[in-house]
Amino acid sequence: MLPVWNTLLKQAETRPQISELFDQNSTRVRDFSAEACGLYFDYSKTAITSETLNGLLALAVNVPAARKAMFAGEKINTTEGRAVLHTALRAPDNAVIMSDGADVMPELRATRARMQTFANDIRTGRIKGQGGPITDVVNIGIGGSDLGPAMASAALAPFHDGPRTHFVSNVDGAHIADTLKTLDATTTLVLVASKTFTTIETMTNAETARAWMAKTVTDTGAQFAAISTSEEKAAAMGIASERVFGFEDWVGGRYSVWGPIGLSLMLAIGPDNFDAFLAGAAELDEHFQTAKPAQNLPILLALVGLWNQKACGYASRAVLPYDQRLEKLPAYLQQLEMESNGKPVAKDGSPLPLGSGPVVWGTPGTNGQHAYFQLLHQGTEIVPAEFLVAMRGHEPDLTHHHALLVANCLAQSQALMLGRSLDDAREIAAKLGFEGAELEAQAAQRTFAGNRPSTTLAYEQLTPAMLGKIIALYEHRVFVEGVILGINSFDQFGVELGKEKATALLPVLEGASDGGLDSSTATLAARFRKVNKA
Ligand code: F6P
């Protein structure tokens, strides 16, 4: 690790109270905020000082070269020998992006044009289902083949003017059963979305959807489409080649919403809004490549996160969108952050000097306030909070709701920082009529230590372009974190072991011998067999 890390650790040990930093510096918010692409990032409510910021910026010394390598199509995903070029999916039309000696853009443009034609044909009713124009689209996929379009589809609800979208991911039969029972098969389009087209959950759900549709639809193939890097495997499922939308293996699953995996979103919001979503992300890409580190939003987000997690020792981060339609953003970011940087070793196989990236979790505000915010304010585990908030909603008749929402967001970050002193709590307890030892006990419960860090990402309104910017910002933040921690953020070997074990256990649940299993697993399997008489 760079020597500056030891300096940062020392600074963290003696870090001042956040509120004191405001008392000492009247321009603190100006000094510890940055704005670009319509995104305002305020990280002043953290314990970062100018010295700390300089040290953190020094940590990012390798970022420019790594960033250049990624955008240039070098094979930075070393374990899988692949380039990382999801940024090409949203690059401007005139871009030339080379990988393996060839420009990848002509094929990407051709695929996007096919998607647009297909989306327009469905949306205008030129392509119909057996029962008439398509009213509903079911995207069957999981992980990156689900979370991106599901999150974006919910986020951009005000822009929906196409068929309704539904997302089935879980192999739990409840998910597909509950979804399909509300639909008319004769006007439903099913998209089977899987980069590999081997994922057991998706293949199982796709077969179930096909059987459901076959009960009422004669030509089910006409109401199915596939999205995959393997056109042959999609063809083997009986999906005609003109209904297969392919993409390259240098698009990671969790980075794939910008291409064919986003087809359900394009169907819902239309090609023009989808283009705006891509253009927003491209604007952020440009910012990431050209802005100076001290004003570079992805770099700043990454550095603040590393400071909180690695220097201050706060193991998790709460993502708190005060924007209901970003309800699925925390789940999306869990995959982006934890599948990318939840690794134990560096690219050369050596243990990571600082360990892996953070645990990320969260739900929209204000709901969380009435659930786990108790711990955020008074628990002994400190969880840095990351607020996201739109200055304007999409409901012109409900501006009072929006003002209340924003007031709550600002109040939470303020309360986390300032807390409430014991003296103030005593005053409250006295007013409530408590005295003596009872007053002291009551006051202790009502004291808030404060000094809990938070950041706020504010933007005007959640539009397709703004969503594109926000997602690209987080993608690049994860990249920067990975570079500094020494991680290959683009493979995911950690998901394999569980898949292998599940494949081996299925026959045991269906009656095969459980010889050799640990007693806990064997007992649970036996309970399953007993209930199901296997
Ligand atoms: O199991 C993890 C994972 O491989 C993710 O990385 C991926 O997004 C998801 O499964 C789905 O994979 P696929 O798109 O190949 O079905």
Side-chain angles (χ1 to χ4, degrees), residues 76-77 79-86 89 111 115 138-153 167-172 175-176 190-210 224-237 239 244-265 328-343 356-357 360 471 474-475 478-479 482 487-506:
I76 61 166
N77 176 358
T79 47
E80 297 179 313
R82 290 175 185 164
V84 172
L85 274 178
H86 51 277
L89 293 168
T111 304
M115 287 168 65
V138 181
N139 183 87
I140 296 181
I142 197 164
S145 299
D146 165 70
L147 289 164
M151 174 275 297
S153 192
F167 295 87
V168 174
S169 51
N170 202 328
V171 77
D172 184 340
H175 202 178
I176 194 151
V190 175
L191 304 180
V192 185
S194 174
K195 178 175 171 177
T196 55
F197 234 71
T198 57
T199 305
I200 190 71
E201 291 94 330
T202 301
M203 297 303 112
T204 306
N205 279 323
E207 289 306 334
T208 300
R210 177 82 113 189
F224 263 68
I227 302 158
S228 180
T229 53
S230 173
E231 300 188 18
E232 306 77 59
K233 291 198 180 102
M237 192 184 258
I239 300 177
V244 179
F245 298 89
F247 62 106
E248 299 296 328
D249 65 7
W250 38 251
V251 179
R254 52 193 174 274
Y255 300 88
S256 63
V257 65
W258 317 102
I261 292 290
L263 183 57
S264 51
L265 178 66
K328 295 186 178 187
L329 182 70
Y332 175 83
L333 293 181
Q334 280 177 328
Q335 187 194 17
L336 184 61
E337 183 87 49
M338 294 161 77
E339 198 169 65
S340 297
N341 289 342
K343 318 269 169 72
S356 53
V360 175
I471 301 309
Y474 276 98
E475 285 180 350
V478 167
F479 171 76
I487 293 170
N488 173 8
S489 302
F490 301 102
D491 59 16
Q492 56 280 321
F493 296 113
V495 301
E496 283 176 8
L497 184 59
K499 287 185 193 173
E500 282 165 27
K501 296 277 182 211
T503 307
L505 277 171
L506 184 61

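In each ligand, atom 1 is the first atom listed, and ligand 1 is the first ligand listed. Predicted model only: the values in this text are computed from it and were never measured. Residue numbers run from 1 in the order of the sequence given.
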Peer 1: Nearest protein heavy atom to atom 15 (O) of ligand 1, by residue and atom, and its distance?
Peer 2: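 For this ligand atom, the closest protein heavy atom is Thr196 OG1, 2.6 Å.
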Peer 1: Which of the numbered atoms in ligand 1 are under 4.0 angstrom from any heavy atom belonging to Ser145?
Peer 2: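 Atoms satisfying the 4.0 Å criterion: 13 (P), 14 (O).
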Peer 1: Closer than 3.5 angstrom, by distance alone: can the side chain of Ser230 be matched with the main-chain N or O of Lys233 as a donor-acceptor pair?
Peer 2: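 Confirmed, Ser230 side chain pairs with Lys233 backbone.
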Peer 1: So for ligand 1, is Val495 a polar contact partner (N or O within less than 3.5 Å, distance only)?
Peer 2: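 Not met; the criterion fails.
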Peer 1: Take every heavy atom of Lys499, measure it against each atom of ligand 1, and state whether any distance is under 4.0 Å.
Peer 2: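 Contact check Lys499 vs ligand 1: positive.
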Peer 1: Would you say Glu496 touches ligand 1, if touching means a heavy atom closer than 4.0 Å?
Peer 2: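 Glu496: no contact with ligand 1 (<4.0 Å).
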Peer 1: Mind checking whether Tyr332 and Tyr474 have ring centres under 6.0 Å apart?
Peer 2: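 For Tyr332 and Tyr474, the ring centres are not under 6.0 Å apart.
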Peer 1: Closest heavy-atom contact between Val251 and His86?
Peer 2: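 Closest approach of Val251 to His86, heavy atoms only: CG1-CB, 4.4 Å.
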Peer 1: Closest heavy-atom contact between Pro149 and Val257?
Peer 2: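 Looking at all heavy atoms of both residues, the closest pair is N-CG2, 3.8 Å.
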Peer 1: Please say whether Glu339 places an N or O atom under 3.5 Å from an N or O atom belonging to ligand 1.
Peer 2: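 Looking only at distances, the answer is yes, because the N/O contact criterion of under 3.5 Å is met.
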Peer 1: Could you see which bit of Gln492 sits under 4.0 Å from ligand 1, with heavy atoms only: side chain, backbone, both or neither?
Peer 2: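 Only the side chain of Gln492 comes within reach of ligand 1.
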Peer 1: Going by distance alone, is a donor N or O of one side chain under 3.5 Å from an acceptor N or O of the other, for Asn139 and Asp146?
Peer 2: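 No, Asp146 and Asn139 have no side-chain donor paired with an acceptor closer than 3.5 Å.
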Peer 1: Starting from atom 9 (C) of ligand 1, find the nearest protein heavy-atom neighbour and note its residue, name and distance.
Peer 2: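 That would be Ile142 O, 3.6 Å.
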Peer 1: Mind listing the closest non-hydrogen atom pair of Ser340 and Arg254 along with its distance?
Peer 2: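 Closest pair (atom of Ser340, atom of Arg254, distance): OG-NE, 2.7 Å.
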Peer 1: In terms of residue, atom name and distance, what is the protein heavy atom nearest to atom 12 (O) of ligand 1?
Peer 2: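 Answer, as residue, atom name and distance: Thr199 OG1, 3.5 Å.
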Peer 1: Heavy atom to atom 8 (O) of ligand 1, shortest distance: which of Gly144, Gly253, Gly141 holds it?
Peer 2: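 It is Gly144 whose heavy atom sits nearest to atom 8 (O) of ligand 1.
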Peer 1: Is Arg210 close enough and on-axis enough to Phe224, meaning under 6.0 Å and within 45°, for cation-pi?
Peer 2: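 Flagged: Arg210 positioned over aromatic ring of Phe224.
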